[in-house]
Amino acid sequence: MARVQIDAVSKEFGAHQAVREVTLDIADGEFLVLLGPSGCGKSTLLRLLAGLESPTAGRILLDERDITEMSPQRRDLAMVFQSYALYPHLTAAGNIGFPLKSRRETKARITQRVEEVAAVLELGALLDRRPAALSGGQRQRVALARAMVRDPGAFLMDEPLSNLDAALRSATRAELIALHQRLGATFVYVTHDQVEAMTMASRIALMNAGRIEQVGTPEELYDRPRSTFVAGFLGSPPMNLFPAEAISRDGELHVQAEGITAPLGLAADTHAGVTAVTAGIRPERLRIDPTGRIHGRVRMVENLGSEELVHLDIGAHSLCARLPRPAGVRRGDQLTLRADPADIHLFHPDSGLRLRWQSDTHASPAAVPVS
Ligand SMILES: Nc1ncnc2c1ncn2[C@@H]1O[C@H](COP(=O)(O)OP(=O)(O)OP(=O)(O)O)[C@@H](O)[C@H]1O
Ligand SMILES: [Mg+2]
């Protein structure tokens, strides 16, 4: 069992700031996913937790004990890497038992623990094989078993599924979710795959250039992205973002851009005068409706099997709509779409931060970023 607290941690490599003042409180038993684009500092943060790197500033606490300077061996944490890093000359059993052997546990104790863990991961029949004689998924499970054998308070995993093919990845993903539920241990899991993050996480910490951009449940990040970065990172295809104006019309506030007018469901006096915003609408929230006021010309239709992605040119911008198939539209068609007021997100055009209007209709008309 472990609570992991990261307190204003930074890591510099020479002049490069890989992790910038990250603060994060990971509850005991949580499945926290560190998500973000390549190079944003996910692995560095995980290695700081594991003790494989030492922070330039800040503290790391494990169950309220300061472990910032503690050696990796003495931390009650087990790390699983993307490359399983199994010893090729040892059998599966030898690999799994290795952490106990280096702790000089008795042979009987090692055998017992290896068998227990192997049973959980259904590796019992494979214990005598060397890694070369195991499939990718089996090697992955051996690496997991090696992490589990010590009964760590927390598991740290760095893209553990990225070497697996699609079918095996989704099977192992389900296995990891089940494992987490069964063990009740804390998981800190690095990935740049948003499907993994959305399906596995109890909370996601989305990183951008060394900082945490937003922390929350998958639903919070998806439904109320704190910034255009979050809105544009999650979702496939991501949220449509376009420059627009917030205007009052017929007593109601609207978002308006070339070819697009959409009511926001807010009273006009929420806001006085014209204000520039960045507007966002998720592709799956657009639908064909002749009464709508989003008009565009179809540039391309992509068939996804169950759905179609319809790409539209609207003035100087393009929008993508994800529609049930068959949408019955073809390239060159004029199309009229609609989005519900609740599905329109507004961001500050400069800072990219979410505006407060939608949640707080009494807020000042000035663009107030969510703190
Ligand atoms: N030992 C190191 N020395 C110098 N720079 C490093 C070192 N380790 C990482 N970096 C740099 O720090 C930044 C963050 O690296 P990190 O490996 O944490 O990214 P990441 O989010 O895990 O990316 P990926 O998704 O590609 O694995 C990168 O710009 C990387 O080049
Ligand atoms: Mg990495």
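In this chain, residues are counted from 1 in sequence order. As the structure lists them, so they are numbered: ligands from 1, and atoms in each ligand from 1. It should be emphasised that the depicted structure is a prediction, and the values quoted were computed from it without experimental measurement.
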Please list the nearest protein heavy atom to [atom] with its residue and the distance rounded to 0.1 Å.
atom: atom 26 (O) of ligand 1; answer: S38 OG, 2.5 Å
atom: atom 29 (O) of ligand 1; answer: H16 NE2, 3.2 Å
atom: atom 15 (O) of ligand 1; answer: T44 OG1, 3.6 Å
atom: atom 23 (O) of ligand 1; answer: G39 N, 2.8 Å
atom: atom 27 (O) of ligand 1; answer: S43 OG, 3.9 Å
atom: atom 25 (O) of ligand 1; answer: K42 NZ, 2.8 Å

Honestly curious: do [X] and [Y] fall in one hydrophobic cluster under the side-chain, below-4.5 Å linking rule?
X: L35; Y: V22; result: no
X: V114; Y: L144; result: yes
X: L309; Y: V329; result: no

Could you please spell out the steps behind the salt bridge (charged side-chain N to carboxylate O under 4.0 Å, His left out) verdict for R47 and E53?
CA-CA 6 Å; R47 292 170 58 80; E53 302 280 0; 3.4 Å; yes

Record the part of M207 in heavy-atom contact with ligand 1 below 4.0 Å; permitted values are side chain, backbone, both and neither.
neither

Check whether any N or O atom of [X], backbone or side chain, sits under 3.5 Å from an N or O atom of ligand 1, and answer yes or no.
X: C40; value: yes
X: F13; value: no
X: G36; value: no
X: E53; value: no

May I ask you to decide if the ring planes of F187 and F155 are parallel, tilted or perpendicular, using 30° and 60° as cut-offs?
tilted

Is the ring pair F31/H180 parallel, tilted or perpendicular, if the boundaries are 30 and 60 degrees?
perpendicular

State whether any protein heavy atom lies less than 4.0 Å from atom 31 (O) of ligand 1.
no

Please report whether atom 13 (C) of ligand 1 has a protein non-hydrogen atom at a separation of less than 4.0 Å.
yes

Relative to Y222, does R282 satisfy both conditions: NZ or CZ under 6.0 angstrom from the six-membered ring centre, and within 45 degrees of the ring's axis?
yes

Output the list of atoms in ligand 1 that are nearer than 4.0 Å to some heavy atom of A18, sorted by atom number.
12 (O), 13 (C)

Numbering the atoms of ligand 1 from 1, which are under 4.0 Å from a heavy atom of E159?
25 (O)

Does D151 have any side chain to side chain donor-acceptor pair (under 3.5 Å) partners at least two apart in sequence or in another chain, and if so, which?
none

One should read off an interatomic distance between I260 CD1 and E245 CD, to the nearest 0.5 angstrom, of 12.5 Å

E213 and S227: CA distance, side-chain angles, deciding distance, side-chain hydrogen bond (donor to acceptor under 3.5 Å, both in side chains) verdict
CA-CA 8 Å; E213 188 85 12; S227 65; 2.8 Å; yes

Stepwise, does the side-chain hydrogen bond (donor to acceptor under 3.5 Å, both in side chains) test hold for D66 with T68?
CA-CA 6 Å; D66 191 329; T68 316; 2.5 Å; yes

Total protein N/O/S atoms sitting under 2.8 Å from the Mg ion (ligand 2), waters ignored, is 1

If we only count heavy atoms from C-beta on, is the E196 to R173 side-chain gap below 4.5 Å?
yes

Side chains of D128 and T91: do they bring a donor and an acceptor to under 3.5 Å?
no

